[in-house]
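This structure is a prediction, so every number in the text was calculated from the model and none was measured. Every chain is numbered from 1, with letters handed out A, B, ... down the list of sequences.
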Number of protein chains: 2
Amino acid sequence: MNDAFKALADPTRRQILRLLRDRSMSAGEVADQFNISKPSISHHLNILKQAGLVLDERQGQSIMYSLHTTVVEDVIGWMFHILGKEGKEHDDEQ
Amino acid sequence: MNDAFKALADPTRRQILRLLRDRSMSAGEVADQFNISKPSISHHLNILKQAGLVLDERQGQSIMYSLHTTVVEDVIGWMFHILGKEGKEHDDEQ
DNA sequence: TAGAGATTTAGAATATTATCTAAATATCTA
DNA sequence: TAGATATTTAGATAATATTCTAAATCTCTA
């Protein structure tokens, strides 16, 4: 989950997640939304993928990226754990 | 909220929040939980404070740190927004 | 199968972050 | 008020992160 928190620390990556929330997009479509080079966006997408926050699937020439919500739910669980007094047995990497 | 996400990206700072979840602690008490120098912990506490995730209050010689949950709730709100399809009008920097 | 389009990989420059030691500041108490 | 305790500030160093351009890879189609 450390990778997820690190991935979420960058505003560009959070914006990518917001875009993918509405619909899946190809890497190029994502890149078109930013004033950042395609290789940089590709790097951000890879970080999100490593963190388990997005899935990628090749469709012909394009690679489609979509939101993967499982880890998002894990992060929410961690945040709720911080809020509540109960449930001290929450797992976390150091 | 960008500051909060950045603050949460560091595992030491997340562990500090977990410690403060159970009870408020002085800076020294927090530092005693880690193999990290006191100035470094002080730096982490300051980042958490700037992000609005903790509050500090001097009590005599000590400075007590406590969890401040408002921004945690904001982050949870952002995360839920990513999960759900509805509520596209969520505020976010960037 | 050659070329075009989409994406990633490689390598480098710059910026940010985490950490340390040493010194400064603030508070209490004898 | 002098010394002890608690914490922060300053300044430096090493590790990470973000971004770029150029080149490589993969896929489709004419």
Please tabulate, one pair per line, all N/O donor-acceptor pairs under 3.5 Å involving side-chain atoms of residues 44-53 of chain B, not counting sequence neighbours.
{"residue": "B:His44", "atom": "ND1", "partner": "B:Arg13", "partner atom": "NH1", "Å": "3.0"}
{"residue": "B:Asn46", "atom": "OD1", "partner": "B:Gln50", "partner atom": "NE2", "Å": "3.4"}
{"residue": "B:Lys49", "atom": "NZ", "partner": "B:Asp56", "partner atom": "OD2", "Å": "2.9"}

Treating primed atoms plus P, OP1 and OP2 as sugar-phosphate and everything else as base, which nucleotides of nucleotides 21-30 of chain C get B, S or - for protein heavy atoms under 4.0 Å? BB----BS--

Interatomic distance, A:Asp56 CG vs C:dT8 C1' [rounded to whole Å]: 11 Å

A:Gln15 has an atom CD; how far is it from atom P of D:dT18, in whole Å? 16 Å

Can you tell me the distance, in whole Å, between the CG atom of B:Leu45 and the P atom of D:dT8? 7 Å

Just do the side-chain contact (heavy atoms from CB on, under 4.5 Å) check on A:Met25 and A:Asp32 with the steps written out, would you? CA-CA 11 Å; A:Met25 284 186 183; A:Asp32 288 344; over 6 Å; no

Here the distance between atom P of D:dA6 and atom CE of B:Met25, to the nearest Å, is 16 Å

Establish, with yes or no, whether the OP1 or OP2 oxygen of C:dT9 is under 4.0 angstrom from a side-chain nitrogen or oxygen of A:Ser42. no

Evaluate B:Thr12 against B:Ile36 for side-chain contact (heavy atoms from CB on, under 4.5 Å), listing each step before the verdict. CA-CA 9 Å; B:Thr12 299; B:Ile36 296 177; 3.8 Å; yes

Value in whole Å for how far the P atom of C:dA6 lies from CD1 of A:Ile41: 16 Å

Protein and nucleotides 11-18 of chain C: nitrogen or oxygen contacts under 3.5 angstrom:
{"residue": "C:dA18", "atom": "OP1", "partner": "B:Asp10", "partner atom": "OD1", "Å": "3.3"}
{"residue": "C:dA18", "atom": "OP1", "partner": "B:Arg13", "partner atom": "NH2", "Å": "3.1"}
{"residue": "C:dA18", "atom": "OP2", "partner": "B:Arg13", "partner atom": "NH1", "Å": "3.1"}

Does the pair B:Asp10 and B:Gln15 meet the rule for a side-chain contact (heavy atoms from CB on, under 4.5 Å), with working shown? CA-CA 9 Å; B:Asp10 184 88; B:Gln15 184 61 26; over 6 Å; no

Point-to-point distance, once rounded to the nearest 0.5 Å, from CD1 of A:Ile76 to CE of B:Met79: 5.0 Å

Step-by-step side-chain contact (heavy atoms from CB on, under 4.5 Å) determination, B:Glu29 to B:Arg23: CA-CA 11 Å; B:Glu29 280 179 300; B:Arg23 66 180 180 86; 3.4 Å; yes

Using every non-hydrogen atom in the two residues, find where B:Arg58 and B:Gln61 come nearest and quote the distance to one decimal. NH1-O, 3.4 Å

Taking CZ from B:Phe34 and C1' from C:dC20, how many angstroms apart are they, rounded to a whole number? 17 Å

For B:Val75 and B:Met1, which heavy atoms make the closest approach, and how far apart are they? N-SD, 3.7 Å

Check B:Gln33 against B:Leu19 and note the closest heavy-atom contact, atom names and distance. CG-CD1, 3.6 Å

Would you say D:dA6 has OP1 or OP2 under 4.0 Å from some side-chain N or O of B:Tyr65? no

For A:Asn46 and D:dT18, give me the distance from atom CG to atom P, rounded to whole Å. 12 Å

Rounding to an integer number of Å, can you tell me how far A:Ile63 CD1 sits from D:dT25 P? 15 Å

